[in-house]
Structure formats: C-alpha cells, structure tokens
Amino acid sequence: MEDREIVDLYWAREEQALEETQSKYGAYCWRIAHNILRSREDSEECVNDTWLRAWNAMPPQRPAILSSFLGCITRNLSLDRYKAGRTGKRGGGQLPLALEELDYCLPGTQNVEQAVEEAELAQSVDRFLRSLPEKDCCIFLRRYWYVDSVLEIACRYHMAEGTVKSSLHRTRERLRVWLEQEGVG
Amino acid sequence: MKQEKLLEALTGVGDDLLELAQNKRFPNPWRRWGKIAACLALVLCLTALALPYLPMGCGSAKSEAPMADTSGANEKADVTEEAAPAETPELPAEEPEAPVENDGGVEKTMTKFVVCGTYYYLQPQYATSLDEPPEELGEELGTVTSAALPELLGCTVYKEQNSAVFDRYAVDGQAVTQNVWVRTADGYVRAVTANEKIVSRYTFADVEQAVEDEDADWLLETFVRPLEEHGRGEIQFADASQLTADQLNRLVPAFAAMNMGVTVVDHWAEDGQLVIPVSDVRFRLERFLTGFTYEPEGTEAYDPARNAVILPREAADLDESVQLTLEDAVLSDANTLCLTVSRQDGVRREYVIRFDTDSWRYLQIREIAE
C-alpha cells in the first residue's frame, strides 16, 4: 500500500492503518530501535509505542515521508528508553560507540543547553548535512541517526570499513568546525 | 551529556535526508570491472562460435601467423587474462542500482549472522527466497548462533551447490565466496559468506588499476592496516612459523580486528574487555598464517581458566592515525598478490599474500631497504 493511502487510513481513524504500518515499516522501525537498545523486548515495545504515537499524531499531522516520520518517533522513544535504562546496563551495542565518537564535535565545555537551543542546533546540523557530498551525508546519517555499525554501512554502500571510518572521521571534524563557526560552543 | 544532545539534534534533520540515507545506493566500484570481464568473456565466446563460419582466409591467417614472441613477457600478463580491461572498450557509466525495498522481511533486510564462527550476510539483491527447498541445497553447515535479526536465530544453514552468483571471483576455477541457504520459518532464503572471504571483492584483473583510484583503500584496509597499526609496523616474517612470542602477542589483537567489523568485536565484548575464545584466535591465525599452529600458552593475555585471550576493548580498534600509501600492487601469479606500502615515517614494506579457494594468507612481510 502506498504511504499516502496509509496516512489516509489514519485520518479516517481506520485501525487497518496500524496493520499496514506494521506490515510495511515494522522491520524498519524495529531495526532503528534495536540498533539503539540492543534488546528485543525493549525494541518491540518501542515499535508498538511508535504506532500509538503515530495514531495520536495523525490527524492533525500529514507526514510527507511516512518512513522518516515513523523512524523519528521510534528513534526518540528509543533514545529516551536508552537514557532511562542506561544506569547499570551492560556495555555493547552501537549507541555508546556512536556517542563516544561524537564527543568532540561540540566544542567547548559548557553545557549545551546554555549555549544553544536544541532547535537551533538541529537546524545547524541540518544545514551542515546539506553542505556535504551526498555520500558523506548518507554515511554520517547511517552512523548517527540510524546508529548502524561501520560494517553495516560498509555493506550497504559497497565500501571498505576503513573508508567508512575515514569518511566519518572527516565529517566529524568538519562538523566541529562548522558548529564553531555557527557559534555553538 | 553534550554528545547525547547532538544525537538528539540529529532527530530534527530533514525527512528528505533520512529518506536519502535509507534508499540511496552507491554502485559497487568493483562491479564495473566484473561487467567488463563478463563482456570480454561474451565477446570471446561469440568469436569462438563464429570462427567456423568465418571465411577460411581469416581463420587460417590467424592460425598460420607466426606466434608472437612471448619470451620475457611481463610475468603479470597471465593474471590479467581473465579480464584484460585495458583492451576492452570503456562501458557506459553504470546505471544506478534499483533501490532496495524498505525493510519488510528477512530477505529484504541487509543483515548479518554467524554460523560456527563464520560470518554470513543477507544482501537484499541476492537474497532469493523460496517456499520449497531449493534444488541446489547442499550439506548442512550448522545453525545460526548470533544474528542481528532474531528471526534468524536457530535457523539451519546449508551450502549451495554450484554457487553461481559469485563464480566470477573464482581462484583457479573455484568460487571463493559461497552462497548458502537459510531455512527460516517461512521457507528458504539465500545468503552469502562474508567473513574471511573478503577476497570476493576482488577480481584481480584490476588490481593494478586499484592503486590508481580510491579503491586502493580497500587493499590497504583489508591486508595492511591492521598489522601496521597493531603490530606497530614491526612484524616481519618470511615464514609464519618463525614468529617470535613477542610478535605473536601483537598479532593476536591485529587478527582480532581484521575483517571482523564492529559487530563481531562486540560479540567478544565483556565488561570493557574483549574475551576472545582461543578457538577464535586459532581459527584466524592459522587461517591467515601459512603453516602456523597456535599455542595460546605463549600469549601474554591468555587466561587458561577461561581458555580465552583477554584484551582491552580498544585493542581491536583502528585509530586511523597511521598514514599509509599503497605504492604498488602486483599479481606475481594468478593467486599471489604483492603490495608495496609506505608509512608516513618513510618505512616501506612489502606484503605478499596468497589466495586460495577458501581464503587468503600472508606468505611474507618484509621491510624494503632504502
């Protein structure tokens, strides 16, 4: 079923919307959650919560790209769940590694909340990504939005792992400079 | 934490960018050479078929013509015969690959899994799925013990007989990358080995070209960087059985990192350390080092109680700080690759690597005197 038809089902308050969404985007959202949480149960709960959020959001919202809309919800829910359950959790998974890699991108030591509003930061990062070559942009998003491992990115884009790492390294460095110039930090 | 804020800020990037990252496919740079090889093979076949119908003068002229003097011919010639891209007209730019459908099932999801210590992956473009057992179902390899997709856990995996997809990567006529069939709850799905079979990325006919373009990275990352970084560039040998205990201690993390990727390294992660079973270390060292037998007692990090080598988590990381340049890549015979590499400190080293039907091995690593 086309995305537009699924959104119409939401607007018509048809429960079939949830079945269609699960069928088309269940694995996609599950993978986003699982990349962050590394727990089957938690991931499934996040995906179910995603459907609920989507149900409550449409209407009034009418997302232009349904996959991104659902993915954003899943990602936010997963990050919240990750933060809530982080204490005492075992290591492993891609998120701690991704966080570690991003550590130096925001220059300065002051609290980010004091330096810049989150929305402003998001807009700045969006502009930055649009300034990148397409490939570097995709690699960066796969790593830090989808939280894919380097190997997964390498497989997805037919690249060597080292090339992916080099691209990420280069892009993080560019982002740090960009954010400095934009007055963040 | 500020990194988390940055990660959360990423949630606000445009939907179009997310869609791009999800659906965009970049062509495999090695594929174009495979296509060229295939075209040449087709031309040769057609020529062979057409010969009986050609005017006699043409055929006899060729057969009676004096043979070209090949004495002293470049020894590389025999390795490029399968593709000879230099004499093949350049193909038009490759069409972009068809976008893979959104993840909607096992066979449509790029994912990895492990069977008996070997790493496999499902690639949507090759992951044919069948309800019935495929005709080419071969011997059983084992069951999936680790997988990114829970649906694959416990599934039985079988070899594929007469594996066709990757035959063009054959060494001495045998495919080096094996297709397998996974028996899932819904039927059978085809996957492919990935782990030690990184050789599948190379057709060898184009190895010299690789030095000229960005694909040189692949050669460096695959064969050189782990040893240059973890071995601090000091490991040399003409015969792996002569390795000293000290060299071996440095080789263990190097091989732990080699070709394994983050996911498999995570598989060994435990409380900030890597706990690598001796069987895994042995599997890698003995696979990559000709004639070598691994005895763990000489390894500093060996823990007899756990029968594992225990290393810091960072041991398998590559820090990218070592600048490497691939100066030359030569196939001295059909299956032996010689890479000349220089480091930023001016040291130059030669890696001799031998490919065989199931993997590749280092024959020799030596420093090149100025």
Side-chain angles (χ1 to χ4, degrees), chain A residues 23-25 27-28 31 34 40 63-65 67-69 71-72 75-76 79 83 91-94 97-100 102-103 105-106 111-113 118-119 121-123 125-126 129-130 134-135 137-138 141-142 144-146 149-152 154-163 165-166 169, chain B residues 1-31 102-106 108-112 121 123 148-150 194 201 214-215 217-218 220-222 225 259-264 266 269-272 313 318 320:
Chain A
S23 167
K24 189 166 182 181
Y25 293 115
Y28 168 76
R31 185 172 168 180
H34 193 257
R40 182 176 181 169
I65 303 173
S67 60
S68 302
F69 175 77
C72 282
R75 188 172 184 272
N76 281 334
L79 287 174
K83 280 187 284 187
Q94 289 301 310
L97 296 171
L99 285 170
E100 199 176 307
L102 285 174
D103 185 31
C105 287
L106 273 177
N111 196 322
V112 172
E113 288 93 330
E118 281 180 28
L121 179 59
Q123 285 167 12
V125 173
D126 183 273
L129 290 171
R130 290 176 196 283
E134 201 172 57
K135 202 170 198 174
C137 174
C138 288
L141 284 172
R142 291 308 315 182
Y144 301 115
W145 200 98
Y146 292 94
S149 71
V150 170
L151 180 64
E152 285 168 323
C155 289
R156 172 177 281 270
Y157 292 144
H158 299 299
M159 301 167 74
E161 283 181 69
T163 312
K165 285 181 186 172
S166 300
H169 182 74
Chain B
M1 292 164 71
K2 61 182 185 176
Q3 318 89 294
E4 286 184 9
K5 290 295 171 193
L6 192 49
L7 207 66
E8 284 173 7
L10 274 170
T11 307
V13 303
D15 288 354
D16 56 323
L17 292 178
L18 300 179
E19 193 186 28
L20 179 76
Q22 175 65 13
N23 295 324
K24 182 71 181 175
R25 290 290 179 273
F26 298 100
N28 182 345
W30 293 92
R31 270 186 151 197
N102 276 324
D103 301 346
V106 166
K108 291 180 182 173
T109 306
M110 171 74 81
T111 190
K112 305 170 295 300
Y121 66 102
Q123 265 188 306
L149 270 186
R201 288 178 174 173
E214 62 181 20
D215 299 331
D217 282 349
W218 284 28
L220 285 174
E221 304 298 339
T222 303
R225 183 171 291 283
N259 295 334
M260 292 297 97
V262 176
T263 307
V264 175
D266 279 350
E270 196 176 306
D271 297 329
R313 171 65 184 79
L318 298 176
E320 306 164 22

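So you know, we letter chains A, B, ... as the sequences are listed, proteins then strands, and number each from 1.
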A/C72 versus chain B, the contacting section by heavy-atom distance below 4.5 Å: both
Heavy-atom donor-acceptor pair, B/D15 side chain to A/S68 backbone, under 3.5 Å: no
Least distance between heavy atoms, A/C138 atom then B/A21 atom: SG-CA, 3.9 Å
B/V13 versus A/W145, closest heavy-atom pair with distance: CG2-CD1, 4.2 Å
Straight-line distance of B/L18 CG to A/L129 CG, nearest 0.5 Å: 9.5 Å
B/L20 side, atom CG; A/K135 side, atom NZ - distance, nearest 0.5 Å: 12.5 Å
Separation of B/L149 CG from A/H34 NE2 (nearest 0.5 Å): 9.0 Å
Side chain, backbone, both or neither of A/I65 within contact of chain B (heavy atoms, under 4.5 Å): both
